[in-house]
Amino acid sequence: MAAYPHHDIEARWQRFWADNQTFRTPTVRNGLDTSKPAYYVLDMFPYPSGAGLHVGHPEGYTATDILARYKRMRGFNVLHPMGWDAFGLPAEQYAIQTGTHPAITTKRNIERFREQLQALGFSYDWSRELATTDPDYYRWTQWIFLKLHERGLAYLDEVPVNWCEGLGTVLANEEVIDGKSERGGFPVERRYLKQWVLRITEYADRLLEDLDGLDWPTSTLEMQRHWIGRSEGAEVDFAVDGHDATITVFTTRPDTLFGATYMVLAPEHSLVAQITTDAQRPAVQDYVDETARKSDLERTEGKEKTGVFTGAYAVNPANGAPVPIWVADYVLATYGTGAIMAVPGHDVRDYAFAQAFDLPIVEVVAGGDLSAEAFVGDGPHVNSSSEYVSLDGLRNAEAKAAMLAWLEASGAGRRKVNYKLRDWLFARQRFWGEPFPVVFPEDGSGPIVLPESELPVRLPETGDYRPSGTPEGPLAAVTEWVETVAPDGRPARRETNTMPNWAGSCWYYLRYLDPKNADKLVDPAEENYWMPVDLYVGGAEHAVLHLLYARFWHKVLYDIGVVTTKEPFQKLVHQGMILGEVEYTAFRDEAGAFVSRDDVAETEEKDEMDKTIWRASDGRRVEGVRVAETEVEKKGDGFVLKSDATIRVEARAHKMSKSRGNVVNPDDVVKEYGADSLRLYEMFMGPLEQVKPWSTRGVDGVHRFLARAWRLFVDGETDGATKLSDDAPTKEQLQALHRTIQKVTDDIEAMRFNTAISAMMEFVNAATKWGALPKALAGPFVLLLAPFAPHMAEELWHRMGNTDTLAYAPWPETDARYLTSDTVEIAVQVNGKLRGTITVAADASKDDVLAQARAHENVAKYLDGAAVKKEVFVPRRLVGFVV
RNA sequence: GCCGAAGUGGCGGAACGGUAGACGCAUCGGACUUAAAAUCCGCUGGGGCACCCGCCCCGUACGGGUUCGAAUCCCGUCUUCGGCACCA
């Protein structure tokens, strides 16, 4: 299907770029001309999986490559690096199965990924390539850990962790979805283990505030804000009647303190055992045991409230009233203080609980109907006074302020800001991760963090990679590695946990600036010149974790003077997912009869392939069968079978997956259509941020466009012979060119690559009609095409007689003279409806245009006999009459 | 349930509040060819009148509103996608 010799061309130019190091960017200390402006355009680096590149990868990479190539032509120094996020579970699992050291697998996968990326013609500076698994790299990951520890931001804690038997490891909260491991879907249970934890909460406020200056998608900013989850309120102390104990609660509604009719402790709360009365002890004990056995999933899935009375009472500090203390699992041990004051009148969860257990509901804010539901809105306070304090008549905001003032004055409470964000569990029981630079002396004294001079702490060359099945990782079994001596000479054991996958990706964007530096993480001169990253492109799945963790580390590095910017990534764009080709699915029952889509119900599963489907009317199983596009037709909102229009079918594109068999392999596309076609198609599909389905026919379309462009230059019969004309371009031709320059330039700047490509297609369509393309237009056009289809552009540039790469040729300038034409077409509306178009001189006066508009035959018909009340004149576009 | 994004031809998608459907795909027709492929040219939202240029009505998920004029702005509803989910 090759309509032009893309194989030869692409191989030749890839070799040229590599041989000539066309895209190598020198370091600042090594001769970079820093009088030029800097542009740092970064891709989220991939995990080099054994499956190789996916068509989703080149989407973002092509977008950044277009920007990189464009900015070079505009005179910027461009930093456009690539590397590998190479620690991770798959290599370790492969190691378990085959005994191959993960380093070997990783190296192999990286080589394949690099080859595949190079086959797509990306203009990376490969001299800056890095891998997180390289000891020269992770030495600095470890170094950052030392700095974190120095500043008290890394600590060992006995924390409830998500122990996953199936993976033989502990998972981070965010790696657990619905009580199962995100990877593999194994059950997860709680266990208490001593683990390294990073104090990210100390940076919560800064992480929140500094979001304001960033050019990021609003959804991502919102997700980060929610994840940090700052809420302002108060801590209130309740004395426990008959015990020398105080229960402190956190509340965002201190104004409702008078409405607190009971309290709830989380089952894990440390005071539960102490305050429970003997009579209630068996019931409480049972309840606590039961919740401990439950996974998070089971705890959250039943929406009905459960709980047990402890028999104890607390004293409401605002009025001295006794408040019964309950234990219930709807209160989380990990948020706030693990205890709440329950105000059923004005909190929906407390209301549900009070209803279930027949607890009193007191109105303290007027305006709702408490017999029906909790009232959470604003209103005047009632029933809220005592000998100590009164809020009656105040609305929420004033009542809050008044109560806070009283709490602080009386010592019963204090203002408090709380966060959903928790400290970051920073240890994994895995082999294939960064070792901690930490040893534990055999005598049982605390951990010793190694000095900088001992870095890097390397992973052992051999080992048994199997999870030990205990919370200790596989490294524990590598005796010759584990047994060591502490810096002071005492025998010691190494920390056998490793760092999580996020560690290496938290700071890689800095190492690209100075990848070979043996003395420093990054030289200040490099950091100063390049940072921050001007454009960062990657998947929305990293909206919270990677981006939040990286921002945290960046701020720590800022505090210790390694970097000079508060934020690492100035502008962020998420590319949308590429789905498989649209598929039509019909449903049939066990007897083989078709069932309409409307009559099919399905279970809600995370993974589509796990869904069960049945006929809604009788509950019998049905199965989906694929039907060809030719078998269906559009009817109403959806598609139906041509053979039976009452049977609606499902028409949708699915996520690419091996099990569905709809994965498109970029290698195949490159082989058949070439890299330029793949690049162009991925950009032409639609807006970068949008989810969009793959279409092989669409690839064909852009390939045809490239072939048409090729034929403008090269005679298909003789190859080599140029078809360009020496004629001076006409004014019309120059106008076409300059409009294209303008449009392509604007669209690249705004990352609207699909419409930039449309503009070039229009130019080629016009040029095809001209018969021959004048040389004076051919050069600028090739330069416009270059960021998108660099191989073809280089080849054509070369064939036009240029001897060097066009990678640094100046970007074509628009000439304003050719952006306007002498005449313009103007729409004529009467009462807002289009009634005709007229062609007038571009600089025609308002009166002339109006006169011409009135003279238009069809317009005149509508104006005839009607009084014109208003005339609208939009220069160069439209006139309107209101009658 | 909450937060965010989005609903436009057969399909992917274009449209500073100003001629809706650019560009591409698919379909159909024509040219070239012994034929096919490739290529080139043309048509293509729906309906109606005219069938010679043309003209009219409807149409951007649905219902309202603002405006001379709304895919675009405002209010409400529905649907889809992504995220969060007892966070006090």
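By convention in this document, chain letters (A, B, ...) are assigned in the order of the sequence lines, proteins followed by strands, and residues within each chain are numbered from 1.
- Annotation: of the two residues near RNA chain B, A/Lys743 and A/Pro693, the 5′-most nearest-nucleotide partner is A/Pro693.
- The glycosidic torsion of B/G30 lies more than 90° away from 0, which places this base in the anti conformation.
- For A/Glu633 and B/C11, the CD to P distance is 13 Å, given to the nearest whole Å.
- Along RNA chain B, the nucleotide closest to A/Lys870 and the one closest to A/Ser219 are compared, and the more 5′ of them pairs with A/Ser219.
- Atom name P, nucleotides B/C62 and B/C52: the rounded distance is 36 Å, in whole Å.
- Look at NZ on A/Lys833: it is 9 Å from P on B/A70, rounded to the nearest Å.
- In this entry the distance linking OH of A/Tyr584 with P of B/G10 reads 12 Å, nearest Å.
- Residue side chain A/Lys869 does not reach the base of B/C68 through any donor-acceptor N/O pair under 3.5 Å, judged by distance alone.
- Between A/Lys769 and B/C40 there is no side-chain polar atom (N or O) within less than 4.0 angstrom of OP1 or OP2.
- Closest to the side chain of A/Phe639, out of B/G83, B/C57, B/C11, is B/C11.
- Remark: A/Glu633 does not engage A/Lys642 in a salt bridge, criterion side-chain N to carboxylate O under 4.0 Å.
- B/C49 atom P lies 19 Å from atom CG of A/Asn858, rounded to whole Å.
- Among the protein residues, A/Pro217 comes within range of no part of the nucleic acid, since none of its heavy atoms lies under 4.0 Å from any strand.
- Atom P of nucleotide B/C86 and atom CD of A/Gln355 are separated by 21 Å, given to the nearest angstrom.
- The partner of B/A20, taking Watson-Crick or G-U wobble pairs whose two distances both stay under 3.5 Å, does not exist in any strand shown.
- Proximity of A/Arg835 to the phosphate of B/C55: no side-chain N or O atom is located under 4.0 Å from OP1 or OP2.
- At whole-Å resolution of the value, CG in A/Leu547 and P in B/G83 are 15 Å apart.
- Remark: A/Tyr862 is in phosphate contact with B/C56, judged by side-chain N or O atoms under 4.0 Å from OP1 or OP2.
- For B/G76, the paired nucleotide is B/C62, the pair qualifying as Watson-Crick or G-U wobble because both relevant distances are below 3.5 Å.
- When every heavy atom of A/Ala827 is checked against every heavy atom of A/Thr837, the shortest pair comes out as CA-CG2, 4.3 Å.
- Phosphate contact (OP1/OP2 of B/A88, side-chain N/O of A/Ser231, threshold under 4.0 Å): present.
- Spacing between B/U60 and B/C73 at atom C1', rounded to whole Å, works out to 16 Å.
- Taking atom P in both B/G59 and B/G21, the straight-line distance is 16 Å, to the nearest Å.
- Relative orientation of the A/His346 and A/Phe375 rings is perpendicular, given thresholds of 30° and 60° on the angle between their planes.
- Taking 4.0 Å as the cut-off between side-chain N and carboxylate O, A/Glu629 and A/Arg697 count as a salt-bridged pair.
- For the pair A/Tyr330 OH and B/A88 C1', the interatomic distance rounds to 8 Å; values are reported in whole Å.
- With both ends at atom P, the span from B/A70 to B/A61 equals 15 Å, rounded to whole Å.
- The residue A/Lys420 sits close to a base: some heavy atom pair falls under 4.0 Å.
- Using N1 to N3 plus N6-O4 or O6-N4 for Watson-Crick, or N1-O2 and O6-N3 for G-U wobble, each under 3.5 Å, B/A36 pairs with nothing.
- At a threshold of 4.0 Å, the pair A/Lys692-A/Glu59 counts as salt-bridged, since one of the basic side-chain nitrogens sits closer than that to a carboxylate oxygen.
- A/Glu583 and A/Arg660 are joined by a salt bridge, as a carboxylate oxygen and a charged side-chain nitrogen come within less than 4.0 angstrom of each other.
- For the C1' atom pair drawn from B/A14 and B/U19, the interatomic distance equals 14 Å after rounding to whole Å.
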Evaluation steps, salt bridge (charged side-chain N to carboxylate O under 4.0 Å, His left out), between A/Arg230 and A/Asp205: CA-CA 8 Å; A/Arg230 183 180 199 274; A/Asp205 265 326; 2.9 Å; yes
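- The partner of B/C81 is B/G4, judged by Watson-Crick or G-U wobble contacts that both fall below 3.5 Å.
- Taking the C1' atoms as reference points, B/C23 lies 15 Å from B/U8, given to the whole Å.
- As rounded to the nearest Å, B/A6 and B/C25 have P atoms that lie 28 Å from one another.
- Considering only the side chain of A/Val331, B/A88 comes nearest among B/A5, B/A88, B/C40.
- The existence of a salt bridge linking A/Asp212 and A/Arg225 is confirmed by a sub-4.0 Å separation between a basic side-chain nitrogen and an acidic carboxylate oxygen.
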Would you tabulate the pairs of protein nitrogen or oxygen atoms and nucleotide nitrogen or oxygen atoms of nucleotides 18-26 of chain B closer than 3.5 angstrom?
from  : atom 1 : to       : atom 2 : distance (Å)
B/G18 : O2'    : A/Arg877 : NE     : 3.1
B/G18 : N2     : A/Gln829 : OE1    : 2.7
B/U19 : OP2    : A/Arg877 : NH2    : 3.1
B/U19 : O4     : A/Glu825 : OE1    : 2.8
B/A22 : O2'    : A/Glu762 : OE2    : 3.4
B/A22 : N1     : A/Ser758 : OG     : 3.4
B/G24 : OP1    : A/Asn765 : ND2    : 2.9
B/C25 : OP1    : A/Arg704 : NE     : 3.2
B/C25 : OP1    : A/Arg704 : NH2    : 2.9
B/A26 : OP2    : A/Arg704 : NH2    : 3.2

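- Nucleotide B/A50: unpaired (no Watson-Crick or G-U wobble partner with both distances less than 3.5 Å).
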Derivation of the salt bridge (charged side-chain N to carboxylate O under 4.0 Å, His left out) call for A/Glu235 and A/Arg414: CA-CA 5 Å; A/Glu235 276 184 353; A/Arg414 59 217 73 87; 2.9 Å; yes
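- Distance, A/Arg752 CZ to B/G13 P: 17 Å, rounded to whole Å.
- Set against B/G83, B/A88, B/A14, the side chain of A/Leu332 has B/A88 as its closest nucleotide.
- Between A/Phe353 and A/Tyr330, the two ring planes are tilted [angle within 30° to 60°].
- Spacing of P atoms, B/A37 relative to B/A26, comes out at 13 Å, to the nearest Å.
- Taking the side chain of A/Thr218 as heavy atoms from C-beta on, and the options B/G4, B/A14, B/A88, the nearest nucleotide is B/G4.
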